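This one's a predicted model, so the numbers in the text were calculated from it and none came from an experiment. Residue numbers start at 1 and run along the sequence shown.
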Amino acid sequence: LQGCVKDIDDLYEVLKAQYDIPEENYLILKNEEVSRANLIQSFRSHFSKLKDGDTAVFHYSGHGSWEDGSPEFVEAGLETAGNRNELIVVQNYGEEGVFNIADKELRWMISELQFPKDQATRNIQFIGLMDCCFSGSLFRDTEKRSRITLPETDQKRRLADYLEGQYQEMYDAEGKVAF
């Protein structure tokens, strides 16, 4: 995509100038750095430094897509009929066992930070700036829009394929939701 790195750099400059945010509070991943594993690990590591009352900004500029979701989300009442995963596309999508980052996975990681196990709930606010899919066409020359068609894959995401299997752990031995 043309413009993603520039968008990231421009947002960095605005945040730095407007809010005087210390340099160590930024983590910027670009291009090849945005593999599935690195994005998840970096998200958790970077945002784990947040304290009660902090506000975090997560900005993604790149391709967005969707895939059919796992039916267990509808059965558990966590998703509506139609059950699609909205995705941010990672650099190594298509490699064996590598999926894009689903909306449910982002929500889970945010929840991990706001409601850490064995700790008090933390008042952490997240701002998500998602510059993906075709949202950029509102302000850019429509003749230069890029469209993505992800390569077909016969990999179907199972419930255990979301993050490290946390959603799968919600089911008991009989396959019923165990919240």
- Carefully, step by step, assess I127 and F58 under the rule side chain to side chain contact (heavy atoms under 4.5 Å, CB included). CA-CA 6 Å; I127 298 171; F58 176 78; over 6 Å; no
- Give the intermediate values and the outcome of side chain to side chain contact (heavy atoms under 4.5 Å, CB included) for residues D131 and Y60. CA-CA 6 Å; D131 180 10; Y60 174 81; over 6 Å; no
- Task: Write down the atom of L163, the atom of E105, and the distance for their closest heavy-atom approach.
- Result: N-OE2, 2.7 Å
- Task: Decide yes or no on side-chain hydrogen bond (donor to acceptor under 3.5 Å, both in side chains) for N38 and E33, but give the supporting numbers first.
- Result: CA-CA 7 Å; N38 194 42; E33 297 170 319; over 6 Å; no
- Mind checking whether I28 and L129 sit in one hydrophobic cluster, side chains of I, L, V, M, F, W, Y counted as touching below 4.5 Å? yes
- Message: Taking side chain to side chain donor-acceptor pair (under 3.5 Å) as the definition, give me every residue that meets it alongside Q125, ordered by chain and number, with sequence neighbours left out.
- Response: N123
- Supply the atom-to-atom distance S42 OG to L27 CG, rounded to the nearest 0.5 angstrom. 5.5 Å
- Note on the structure: To the nearest 0.5 Å, atom CG of L11 lies from atom NZ of K6 at 11.5 Å
- What closest approach, in Å, do Q114 and I124 show between heavy atoms, and which atom pair accounts for it? NE2-O, 2.6 Å
- Side chains of Y162 and S70: donor-acceptor distance under 3.5 Å anywhere? yes
- Spatial distance of atom CG (N25) from atom CG (D54) [nearest 0.5 Å]: 8.0 Å
- Query: Would you say I110 and F115 are hydrophobically clustered, going by side-chain heavy atoms of ILVMFWY under 4.5 Å?
  - Reply: no
- Take S35 and V90, measure what side chain to side chain contact (heavy atoms under 4.5 Å, CB included) needs, and give me the verdict at the end. CA-CA 5 Å; S35 69; V90 294; 5.8 Å; no
- Item | Spatial distance of atom OG (S61) from atom CD1 (I88) [nearest 0.5 Å] | 11.0 Å
- Note on the structure: OH (Y26) and CD1 (I8) are apart, to the nearest 0.5 Å, by 14.0 Å
- With under 30° as parallel and over 60° as perpendicular, where do the rings of F43 and F126 fit, or are they tilted in between? parallel
- Under 4.0 Å between a Lys/Arg side-chain N and an Asp/Glu carboxylate O for D9 and K30? yes
- Query: To the nearest 0.5 Å, how far apart are NZ in K104 and CD in E86?
  - Reply: 6.5 Å
- Message: Tell me the closest heavy-atom pair linking F47 and V57, and the distance in Å.
- Response: CZ-O, 3.7 Å
- Query: Can R107 and E112 be counted as an ion pair, charged N to O under 4.0 angstrom?
  - Reply: no
- Message: In the structure I gave you, are the side-chain heavy atoms of D10 and E13 within less than 4.5 Å of one another anywhere?
- Response: no
- Specify the closest pair of heavy atoms between L39 and I101, including all atoms of both residues, with the distance to one decimal. CD2-CG1, 4.1 Å
- Task: Give a yes or no on this: more than 12 heavy atoms of other residues, nucleotides or ligands lie within 6.0 Å of atom CG of D20.
- Result: no
- For side chain to side chain contact (heavy atoms under 4.5 Å, CB included), just list the numbers for N100 and R36, CA-CA rounded to whole Å, side-chain angles, deciding distance to a tenth of an Å, and then say yes or no. CA-CA 7 Å; N100 289 308; R36 177 180 171 81; over 6 Å; no
- Item | Donor-acceptor pair, side chain of R122 and main chain of L113, under 3.5 angstrom | yes
- Message: On a heavy-atom basis, which atom in A102 and which in L87 lie closest, and how many Å separate them?
- Response: CA-CD2, 3.7 Å
- Message: I'd like to know if E164 and R44 make a salt bridge, using a cut-off of under 4.0 Å between side-chain N and carboxylate O.
- Response: yes
- Looking at G64 and C132, what are the two nearest heavy atoms and their distance? N-CB, 3.7 Å
- Query: Would you call D161 and F99 a side-chain contact if the rule is heavy atoms closer than 4.5 Å?
  - Reply: yes
